[in-house]
Amino acid sequence: VQLQASGGGLVQTGDSLRLTCTASRRSFVTRTLGWFRQAPGREREFVASFDFGDDSSHYLDSVKGRFTISRNDAKNKIYLQMNSLTPEDTAVYSCAGSPRGGARTPSDFPTWGQGTLVTVSS
């Protein structure tokens, strides 16, 4: 399965964006789909994930209450709704797939899509 992230752009502080991760096909091997981000000069970090095994979602503490991950099975998509954006959210956002439930670290995700750049101006 191939993944493609889209929806990034340039926004101002306080604005919202919705990122979309599209899978090339439905995969019964993928248990978890996650969003990661990497800002310039920083390591890639986990942002949010959706576990298809128990329909649970998980978030980085700093985005809880602002970001929401959701799914659209019919379209093989997951979304990341990002509200109240701040300059600290500026990064390249990528989606990734893992066969493991509860996966949170990049090394747990063997499948990655190209990222989409989110820039939040102050």
Joint hydrophobic cluster, F46 plus V63, side-chain heavy atoms closer than 4.5 Å: no
R44 side, atom CZ; R37 side, atom CZ - distance, nearest 0.5 Å: 13.5 Å
D51 side-chain N/O to G102 backbone N/O, donor-acceptor pair under 3.5 Å: yes
Donor-acceptor under 3.5 Å (Y59 side chain, I69 main chain): yes
Step-by-step side chain to side chain contact (heavy atoms under 4.5 Å, CB included) determination, L117 to Y93: CA-CA 6 Å; L117 176 62; Y93 286 71; over 6 Å; no
Derivation and outcome, side chain to side chain contact (heavy atoms under 4.5 Å, CB included), residues W35 and I78: CA-CA 10 Å; W35 286 98; I78 62 165; 3.6 Å; yes
Separation between CZ of F52 and OG1 of T30, rounded to the nearest 0.5 Å: 8.0 Å
From CA spacing to verdict: side chain to side chain contact (heavy atoms under 4.5 Å, CB included), V47, L80: CA-CA 10 Å; V47 177; L80 185 67; 4.2 Å; yes
CZ-CG distance between F67 and L17, expressed to the nearest 0.5 angstrom: 9.0 Å
Pairwise side chain to side chain donor-acceptor pair (under 3.5 Å) hits with a residue in residues 8-22, at least two apart: S16-N83, T22-K77
Cluster overlap L19 with W112, hydrophobic side-chain contacts below 4.5 Å: no
Heavy-atom closest contact (P87 atom, S122 atom, distance): CG-CB, 3.9 Å
Pairwise salt bridge (charged side-chain N to carboxylate O under 4.0 Å, His left out) hits with a residue in residues 103-122, at least two apart: R100-D108
Rounded distance (nearest 0.5 Å) linking atom OG of S57 with atom CG of L33: 13.0 Å
Candidate pair T32 and H58, rule side chain to side chain contact (heavy atoms under 4.5 Å, CB included), full reasoning: CA-CA 10 Å; T32 302; H58 305 275; over 6 Å; no
Distance-minimising heavy-atom pair for T116 and G8: OG1-N, 2.9 Å
For F109, ring pair (Phe, Tyr, Trp, His ring centres under 6.0 Å) partners two or more places apart: F36
CD on Q4 to SG on C21, rounded to 0.5 Å: 8.5 Å
Heavy-atom pair of closest approach, residues A103 and S98: CB-OG, 3.5 Å
Path from V120 to L60 over hydrophobic side-chain contacts below 4.5 Å: yes
Donor-acceptor under 3.5 Å (S24 side chain, L3 main chain): no
Shortest non-hydrogen separation from P99 to R31 and the atoms involved: O-CB, 3.3 Å
From CG (D89) to CZ (R66), nearest 0.5 Å: 4.0 Å
